[in-house]
J.: 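First, the structure itself, so that you have it in front of you.
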Amino acid sequence: MSVGQTIKHKTQAFKGRFTERIGRTTRNRRLQREGRTDRVAGNLKQSGDKAKNAFKP
């Protein structure tokens, strides 16, 4: 896994967390859903990369 991908995945998770927080503050459910989706997707990508690295020789 390259450093660029790691940064991209962490950025996606952070952006999702930020968007979700804005959605909660403004009581905008669409923003909350988008933020949650981005956050979960970023975290899943990070987990997948960690699993790949665990099984590399």
J.: Name the one of Gln5, Lys50, His9, Lys8 that satisfies side-chain contact (heavy atoms from CB on, under 4.5 Å) with Lys45?
T.: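 Looking at Gln5, Lys50, His9, Lys8, the match for Lys45 under the side-chain contact (heavy atoms from CB on, under 4.5 Å) is His9.
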J.: How long is the span from the NZ atom in Lys10 to the CD1 atom in Ile7, to the nearest 0.5 Å?
T.: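 Rounded to the nearest 0.5 Å, the NZ-CD1 separation comes to 9.0 Å.
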J.: Say you draw a straight line from CG of Asp38 to CZ of Phe14; how long is it, rounded to the nearest 0.5 Å?
T.: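 Rounded to the nearest 0.5 Å, the CG-CZ separation comes to 12.5 Å.
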J.: Where is the tightest heavy-atom contact between Ala13 and Gln46, given as atom of each residue plus distance?
T.: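 Answer, listing the atom of Ala13 first, then Gln46: CB-NE2, 4.0 Å.
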J.: If you round to the nearest 0.5 Å, how far is CD of Glu34 from CD1 of Ile22?
T.: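 CD of Glu34 is found 11.0 Å from CD1 of Ile22.
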J.: Which heavy-atom pair separates Ala41 from Gln12 by the least distance, and what is that distance?
T.: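 Here Ala41 and Gln12 meet closest at CB-NE2, 3.7 Å.
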J.: To the nearest 0.5 Å, what is the distance between CG on Leu31 and CZ on Arg21?
T.: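 One gets 13.5 Å once the value is rounded to the nearest 0.5 Å.
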J.: Between atom CG of Leu44 and atom CZ of Arg39, what is the distance when rounded to the nearest 0.5 Å?
T.: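 Taking CG in Leu44 and CZ in Arg39, the distance rounds to 10.5 Å.
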J.: Looking at Gly35 and Thr19, what are the two nearest heavy atoms and their distance?
T.: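 Taking every non-hydrogen atom into account, CA-CB, 3.8 Å.
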J.: How long is the straight-line distance from CD of Glu20 back to CG of Asn28, given to the nearest 0.5 Å?
T.: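 It comes to 12.0 Å.
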